[in-house]
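Read the structure below first, then the notes.
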Amino acid sequence: MSTLEPLQIGVIGAGGMGTRHVENLSRFVRAAQVSAVYDLDGQRAAQAADIAGGAAVLNDPYALIRSPQVQAVLIASSDSTHLEFVLACLQEKKPVLCEKPLAVSAADAERILQAEMAAGQRLVSVGFMRRFDPQHVAVKQLADSGTLGRKIVYKGVHRNAAIPYSVSGKVVLTNSAGHDIDATRWLLGQEIQKVYVRGIRSHSSFSPETQDLLLVQMDLSGDCLATLEVYLAAEYGYEVNAEIVAERGVISTGQPDLALLRAQQTRGNSVPLEWLARFQEAYVAETADWVDSLLNQRRFSGASAWDGFATLCVTDACVQSLNSGQPVAVSLPPQPAFYA
Ligand code: ISE
């Protein structure tokens with residue numbers, strides 16, 4: 001791809017996340033231009049296309065993927081649509097940044113691995129944006145510096161303010177906890193081998209089948225342990241914390257806020273309401289890195305299709321553990337050389 005012209009990007013899905021990507025690409029990533037937008041809701045697509053300064057609004061996602069005006073595709077549609085759209089991009093040999101989860105099961109994600117290997121090129125990237133969050137990056141740098149010795153324990157906290165719908169444990173695991181599973185693998189540099197998951201309904205007003213608060217315990221390949229709290233109805237705001245306990249110290253993400261707020265008899269830091277605000281810097285860095293990697297023919301610094309697949313292998317084991325009440329071993333095949 002030429003480094004002189006901006007990379008022409010087609011965006012599939014113009015909900016909150018897709019629209020934010022369109023805004024970020026248009027405002028902050030000079031080397032990119034959003035050339036086409038698709039959404040099931042044509043009006044939403046048109047609004048996003050406006051933000052991009054008049055991108056084409058297409059009413060067929062596969063036409064967008066095939067379009068000669070689209071050199072790379074960003075998928076931000078609902079989770080269950082990711083598989084087919086990514087496969088269509090691979091068929092066209094077009095690079096694709098797919099929002100997490102890569103698919104809704106490891107078996108589906110494996111189809112993507114097979115198709116990508118058959119295409120003979122690394123074309124698929126996955127939007128685990130915490131890998132670009134300055135705080136998470138700082139934690140990883142310190143943990144990997146070696147000064148604190150071996151990593152022993154990872155503790156993740158992931159709280160959303162409110163559930164948008166009556167949520168099942170499986171959806172929490174696939175749609176939300178995937179971030180924490182990826183962060184555990186990435187920050188520790190180890191694979192998750194065994195999981196034990198318990199879930200409850202946090203508010204008695206929620207429908208009986210809701211499981212919006214999950215506690216996950218994990219054993220990792222390098223003798224590390226991990227625990228995750230994934231809580232979707234925390235009410236007070238949106239918060240993600242990562243902590244690594246090492247032999248000679250403990251490293252945690254600090255407060256993301258720059259200002260100390262004093263108001264209403266309280267002194268402290270404000271908490272955002274949702275992820276688009278909390279991770280804005282990370283989303284910009286992620287898309288900028290993706291575009292730069294394509295224009296300069298280098299590897300994307302974020303998650304690959306293999307990472308998306310490995311996360312779903314853990315997710316599948318978590319769903320099994322939640323349903324059975326038993327610890328479950330993760331079945332992860334050996335990593336093909338293609339993904340080394
Ligand atoms: C959402 O899709 C995200 O990606 C957020 O980061 C996560 O916190 C939220 O639970 C998901 O629904």
Side-chain angles (χ1 to χ4, degrees), residues 11-24 39 44 74-83 85 97-104 125-137 155-187 197 199 201-203 206 210-216 228-242 253 256 271-287 290 302-303 307-308 311-312 314-315 318-319 322:
V11 175
I12 297 184
M17 190 70 256
T19 300
R20 178 58 65 95
H21 282 311
V22 171
E23 274 169 14
N24 286 344
D39 191 276
R44 270 197 336 191
L74 191 157
I75 299 175
S77 47
S78 55
D79 296 356
S80 63
T81 63
H82 292 180
L83 169 69
F85 293 153
L97 173 60
C98 180
E99 263 303 329
K100 43 52 57 181
L102 178 58
V104 292
S125 303
V126 182
F128 284 124
M129 78 299 187
R130 290 185 196 174
R131 291 178 181 232
F132 294 90
D133 171 53
Q135 292 179 58
H136 282 76
V137 170
K155 294 185 193 165
V157 172
H158 179 177
R159 300 193 186 117
N160 288 196
I163 46 174
Y165 31 72
S166 136
V167 81
S168 69
K170 183 176 190 311
V171 168
V172 178
L173 286 165
T174 315
N175 183 267
S176 299
H179 282 298
D180 308 288
I181 294 168
D182 180 66
T184 307
R185 293 181 63 246
W186 171 65
L187 287 172
V197 185
R201 171 177 68 144
S202 67
H203 293 56
F206 294 166
T210 299
Q211 283 180 307
D212 61 296
L213 198 172
L214 305 183
L215 295 183
V216 183
L228 309 176
E229 173 200 318
V230 187
Y231 179 19
L232 260 63
E235 292 192 0
Y236 72 90
Y238 182 80
E239 206 166 17
V240 169
N241 296 315
T253 46
V271 179
L273 198 57
E274 41 70 44
W275 53 92
L276 294 180
R278 164 64 182 85
F279 285 110
Q280 165 63 2
E281 235 179 309
Y283 291 124
V284 173
E286 175 185 71
T287 46
W290 178 59
D307 296 312
T311 293
L312 283 161
V314 179
T315 308
C318 285
V319 174
L322 181 65

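Keep in mind that the numbers below use all heavy atoms, side chains included, and drop hydrogens, waters and symmetry copies. FYI, the numbering just counts along the sequence from 1. Keep in mind it's a predicted model, so treat the numbers as computed, not measured. Both counts, for ligands and for their atoms, begin at 1 and track the order of listing.
Aromatic ring orientation, Tyr231 versus His203: tilted (interplanar angle from 30° to 60°).
Of all atoms in ligand 1, numbered sequentially from 1 with element shown, those under 4.0 Å from a heavy atom of Tyr238 are 5 (C), 6 (O), 7 (C), 8 (O). Near Lys100, meaning under 4.0 Å from one of its heavy atoms, ligand 1 places the atoms 1 (C), 2 (O), 3 (C), 4 (O). Contact atoms of ligand 1 toward Ser176: 9 (C), 10 (O), 11 (C), 12 (O) (distance under 4.0 Å to a heavy atom of the residue).
Under the side chain to side chain contact (heavy atoms under 4.5 Å, CB included) test applied with Phe279, the options Arg130, Arg20, Glu286 reduce to a single match, Arg130.
Taking both residues in full, the closest heavy atoms of Val240 and Arg278 are given as O-NH2, 4.3 Å, listed atom of the first, atom of the second, then distance.
For atom 12 (O) of ligand 1, the nearest non-hydrogen atom of the protein is Asn175 OD1, 2.5 Å. Scanning the protein for heavy atoms near atom 9 (C) of ligand 1, the closest one is Asn160 OD1, 3.2 Å. Ranking protein heavy atoms by distance to atom 3 (C) of ligand 1, first place goes to His179 NE2, 3.6 Å.
With no hydrogens or angles considered, no side-chain donor-acceptor pair links His179 and Arg131 at under 3.5 Å. His21 and Glu99 form a side-chain donor-acceptor contact under 3.5 Å, judged by distance and modelled atom types alone.
At least one heavy atom of Met129 sits closer than 4.0 Å to an atom of ligand 1. Ligand 1 has at least one atom lying under 4.0 Å from a heavy atom of His158.
Formation of a donor-acceptor pair under 3.5 Å by the Thr210 side chain with backbone atoms of Phe206 is not found in this model.
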